[in-house]
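Accompanying notes for the structure given below.
Positions are given from 1, in the same order as the sequence printed here. Quick caveat: nothing in here was measured; it's all calculated off a predicted structure.
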Amino acid sequence: SPGCATQVVRPETATRFVAREFPETRVFFVGATIIEGSALAGPHIAGILAFDPQLILEAAAALGFKRVGLAYTPGYSQLVGRIAVKAPAEGITLIKSQVNATTEIIPELKKLFEKASIVWVLGDPSLARGAGFQFLIEQSLSRKVPVIAPSRWGLEHGALFYAKANTERL
């Protein structure tokens, strides 16, 4: 019912389902990696992603990557704002690229790979799975610019690394 809290067991699937089918239901997810930006932008959706942005920035800096390209969809804008605040403390210049439609994936990623020393893709499936991620990895290999993934799946499919948050303490 509207206004009722919902416990999410499979955060990615359930968050997407509830956002589409029950837009007035409040959802708080824990440990999600891949969520559509449109679902994440919902007024009643909140949670803790399964990756630690601070840890990712620290790792990128430790590996010598100072120009971090960030590919994301509009629903991730708040997270991008929080990342942008933390990046300078690590000596990182953040190069942001918001992909507003699937037709923008190729041109936006090409521009990002021209400017960045490493590209970090946030968890929208249009970028972190399927053809979008495949193009990302092709660009990574051809331009010799590594990728930071939002999940282990990305690592297994060509990314340099990902950083999992410890959600067990929550």
Checklist entry - Going through the distances and angles, do Ser126 and Glu104 end up as a side-chain contact (heavy atoms from CB on, under 4.5 Å)? => result CA-CA 11 Å; Ser126 64; Glu104 293 181 3; over 6 Å; no
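- Scanning all heavy atoms of the two residues, the minimum distance from Pro150 to Ala128 falls at CG-CB, 3.9 Å.
- The hydrophobic cluster around Trp153 extends to Ile95, Val99, Ile105, Ile106, Leu109, Leu112, Phe113, Val119, Val121, Leu127, Phe133, Phe135, Leu136, Ile137, Leu141, Val145, Val147, counting ILVMFWY residues whose side-chain heavy atoms fall within less than 4.5 Å of a member.
- For Ser77, the side chain to side chain donor-acceptor pair (under 3.5 Å) partners at least two apart in sequence or on another chain are Gln98.
- Here the closest heavy-atom approach between residue Pro88 and residue Ala84 is recorded as CD-O, 3.1 Å.
- Not a single side chain to side chain donor-acceptor pair (under 3.5 Å) links Arg67 to another residue, sequence neighbours left out.
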Item to check | Residues Thr73, Leu122; criterion side-chain contact (heavy atoms from CB on, under 4.5 Å); working and verdict | outcome: CA-CA 8 Å; Thr73 58; Leu122 297 182; over 6 Å; no
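- Applying the side chain to side chain donor-acceptor pair (under 3.5 Å) test to Ser117 and every residue at least two apart in sequence or in another chain returns nothing.
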Per-pair distances, 0.1 Å, donor-acceptor, side chain in residues 54-61, under 3.5 Å, sequence neighbours excluded:
from, atom 1, to, atom 2, distance (Å)
Gln54, NE2, Glu58, OE2, 3.2
Gln54, NE2, Glu90, OE2, 2.9

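- Two residues are said to be in side-chain contact when any heavy atoms from C-beta on lie closer than 4.5 Å; Thr93 and Lys66 fail this criterion.
- Within the 4.5 Å cutoff, the side chain of Trp120 has heavy atoms near those of the Pro53 side chain.
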Next on the checklist: Could you go through Leu70 and Ile83, starting from their C-alpha distance and side-chain angles, then the distance that decides it, and tell me whether this counts as side-chain contact (heavy atoms from CB on, under 4.5 Å)?
Outcome noted: CA-CA 10 Å; Leu70 192 57; Ile83 293 168; 4.2 Å; yes
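- Considering only heavy atoms from C-beta on, Ile148 comes within 4.5 Å of Ile118 through its side chain.
- Considering every non-hydrogen atom in both Ala149 and Gly154, the closest pair reads CB-CA, 3.6 Å.
- Across every non-hydrogen atom of Pro146 and Ser140, the tightest pair is CA-OG, 3.7 Å.
- In this structure Leu63 satisfies the side-chain contact (heavy atoms from CB on, under 4.5 Å) test together with Phe65, Leu160, Phe161, sequence neighbours excluded.
- Sorted by first and then second residue, the pairs that involve residues 106-119 and meet salt bridge (Lys or Arg N to Asp or Glu O under 4.0 Å), not counting sequence neighbours, are Glu108-Lys111.
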